[in-house]
Structure formats: C-alpha cells, structure tokens
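Both backbone and side-chain heavy atoms feed into the values below; hydrogens, waters and symmetry mates do not.
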Amino acid sequence: MNALARTARDGYVVTWRNIVSIRRTPDTLTAATIQPIMFVLLFAYVFGGSLGGASYREFMIPGIFAQTVAFNCMFTTIGLANDLQKGIIDRFRSLPMSRVAVILGRTSSDLAVNAFGLLIMSICGLIVGWRIRGSITDAILGYLLLLLFAFAMSWIGAFIGLLISSVEAAQSAGMIWLFPVTFISSAFISAQNLPGPLRGFASWNPITTVADASRKFFGTPFPANLPQTTGWAADHSALYSMVCAIAIIAIFLPLAVWRYRRVASR
C-alpha cells in the first residue's frame, strides 16, 4: 500500500473514532448548534428591526453561515489540545500510522460537525424568513464553498491546538483572533459602511467574500439601506474565497504536521 492510500485509510479510522466520540458526548453537537441559533435569533429579532426587518433577516443568514464555519475551527483546536492533554497523541505516536492521519481525521470529523451545523442553521433561517432564491445547483455550490472554507479554517485550528496543550488556554487563544476577523467583515453589515482602514481589511477578508459569495449562490438580496461591497474581491467573491481556502490549507497543513511531529518527538 502506497503512502497516500495508507494516509487515507488511517485518516478514515481517526475520523470514525472522532465521530463515535461525538455520538458518546452529544453535548459537542449541542455546542455546534446552540451558538448559531442564538446568533440567528439575536440578529433577526433584536437588531433586525432597526437594520431592515425581513430583508435584513435574509441578508444576515449567509453571514451567520460564514461566521459559524469559521468559529467551528475551535472544535479542532480544543479537540487536539484535549488529545494532547490526555496523552492520546502519545498513544497515536506509538502506532504504525501516518503522522498526517491524526490531524486529517480531526479536521474531517469536524467537517461533519460543520455540515450538521449548516443543516440546523438552514432550517432556522427558513423559520425566520430566509429563502434559497437561486437554482438548486447554485445552492449546492454555496454549501460546498462554505464546507471548503470550514475545512480550511480547521487547519488553522489544528495548528493552534497543537501549539497549546491546555484546553482552557486553547479556548482563549482561538477566540482572540476569531472575533475581530469575523466581525470586521460583511457577515452582518456592508463593508462599505466601515471607516477607511477597516473597510480595506473587510473588503479582502475571506469571511466577507465567503458571505457575499453565499448570498449570490443563494440569491439573497441586499437590504435597500446596505450598499453592496465593491472591489475586485467582491466582484470575484467565489473565486477569491476558493483561492483563500486553498491557500490556507496549503500554509497550515504543513505547519500543523510540522508541529505534530515536534510534539510527538518529545
């Protein structure tokens, strides 16, 4: 068996181990769904009335999709930090298995969590008035783009989780950078309404383009009081989002594997 096939096989085994672990601790899925539901209800009924009512509720749902798949990289961070803290990584190290498989298994199982979260959020969105106004093909492409971005973000989470062996510290380290990156975007507002430097950052922020590309795929209209984001990244939001996702994987996959080898060689 060649190295690629062995990595895929070992990655599948670790993925299944993580999924079984989720089945035995369903509170993990609860955490993956309660937070986005709270955001949907908060922005729909607390802020939505002053920001555009029903039209804003539709606008915000793809933004919550993008924000949530970014936030869910915390499951990867905490999962790997937990494995390190409990010594499970040391057990994996003693087995004749691919080094990449451990991290691949974690990111793949967390991709399944993201898919489940998107399903729950979509149902929630339909309840508050969001609709898929594009074609079925476009909608599928929108969900696939979100899952690709979720997978890419998981590799950032994997690298951070392997840097910090304490679960408590991993939770803090993960949220420190996620909050500003997700909120300085057009997930909930138009990037055009932000002041100069923040507008420039938000326009090229992949969370902005993932949210905007999702709106295009789902046929979600912009509220009349929110101008659409302009610029090259906005005009090519789907392409830019895919390039960013691939670039994130290309950068953080080898970094995560390098860090795993350092941890495993202690």
Side-chain angles (χ1 to χ4, degrees), residues 35-73 117-118 121-122 124-134 138-139 141-150 152-153 175 177-245 247-248:
Q35 178 178 286
I37 290 173
M38 288 175 59
F39 271 111
V40 169
L41 297 178
L42 177 68
F43 279 89
Y45 296 110
V46 177
F47 300 122
S50 60
L51 293 174
S55 61
Y56 180 76
R57 287 199 292 270
E58 278 209 79
F59 168 83
M60 72 169 190
I61 294 297
I64 291 179
F65 288 169
Q67 182 209 48
T68 301
V69 297
F71 271 19
N72 282 354
C73 76
L118 283 173
M121 282 188 293
S122 297
C124 237
L126 293 172
I127 292 172
V128 302
W130 172 73
R131 296 293 182 268
I132 296 176
R133 303 186 184 278
D138 285 344
L141 290 174
Y143 282 116
L144 289 176
L145 177 64
L146 287 163
L147 289 174
L148 173 63
F149 186 64
M153 293 296 290
M175 297 307 293
W177 69 276
L178 274 172
F179 263 100
V181 168
T182 53
F183 281 100
I184 306 176
S185 70
S186 68
F188 302 109
I189 60 171
S190 171
Q192 296 302 114
N193 289 343
L194 293 171
L198 293 181
R199 182 169 63 246
F201 176 83
S203 298
W204 292 94
N205 184 346
I207 293 176
T208 288
T209 56
V210 169
D212 286 346
S214 299
R215 292 181 180 114
K216 292 175 184 176
F217 281 127
F218 296 134
T220 304
F222 267 67
N225 62 329
L226 288 180
Q228 293 196 33
T229 308
T230 59
W232 188 93
D235 295 339
H236 305 84
S237 54
L239 174 62
Y240 180 76
S241 299
M242 287 188 290
V243 169
C244 284
I248 289 170

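Counting only residues at least two apart or in different chains, side-chain hydrogen bond (donor to acceptor under 3.5 Å, both in side chains) contacts with residues 182-192 comprise S186-D212, Q192-T230. Each salt bridge (Lys or Arg N to Asp or Glu O under 4.0 Å) pair with one or both residues in residues 218-242, not counting sequence neighbours, would appear here, but there are none.
Heavy atoms only, all atoms of each residue included: A70 and I207 are closest at CB-CD1, 4.0 Å. Closest approach of F188 and Y56 over heavy atoms only: O-OH, 2.8 Å. Heavy atoms only, all atoms of each residue included: I64 and M121 are closest at CG2-SD, 3.7 Å. The two residues P206 and F149 have their closest heavy-atom pair at CB-CE1, 4.0 Å. Taking both residues in full, the closest heavy atoms of A245 and L148 are given as CB-CG, 3.8 Å, listed atom of the first, atom of the second, then distance.
The structure places CH2 of W204 at 14.5 Å from CZ of R199, a figure rounded to the nearest 0.5 Å. Between M242 atom CE and L141 atom CG the span is 8.5 Å, to the nearest 0.5 Å. Between the CG atom of L118 and the OG1 atom of T68 there is a distance of 8.0 Å, given to the nearest 0.5 Å.
Checked against salt bridge (Lys or Arg N to Asp or Glu O under 4.0 Å), R131 has no partners two or more places apart in sequence or in another chain. With sequence neighbours left out, W177 forms a side-chain contact (heavy atoms from CB on, under 4.5 Å) with C73, M153, I156, I160, V181. Residues meeting the side chain to side chain donor-acceptor pair (under 3.5 Å) test with S241, sequence neighbours left out: T209. By the side chain to side chain donor-acceptor pair (under 3.5 Å) test, Y143 is found to be paired with S122, residues two or more places apart in sequence or in another chain being considered. Applying the side-chain contact (heavy atoms from CB on, under 4.5 Å) criterion to A202, with sequence neighbours excluded, gives I184, A191, L194, T208. Partners of P62 under the side-chain contact (heavy atoms from CB on, under 4.5 Å) rule, at least two apart in sequence or in another chain, are W130, S214, R215, F218, T220. Legend: residues meeting ring-ring contact (aromatic ring centres under 6.0 Å, His included) with F179, ordered by chain and number and at least two apart, are F71, F183. With sequence neighbours excluded, no residue satisfies side chain to side chain donor-acceptor pair (under 3.5 Å) with N193. For I127, the side-chain contact (heavy atoms from CB on, under 4.5 Å) test picks out I123, with sequence neighbours left out.
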Could you walk me through whether L147 and V69 pass side-chain contact (heavy atoms from CB on, under 4.5 Å), step by step?
CA-CA 8 Å; L147 289 174; V69 297; 5.8 Å; no

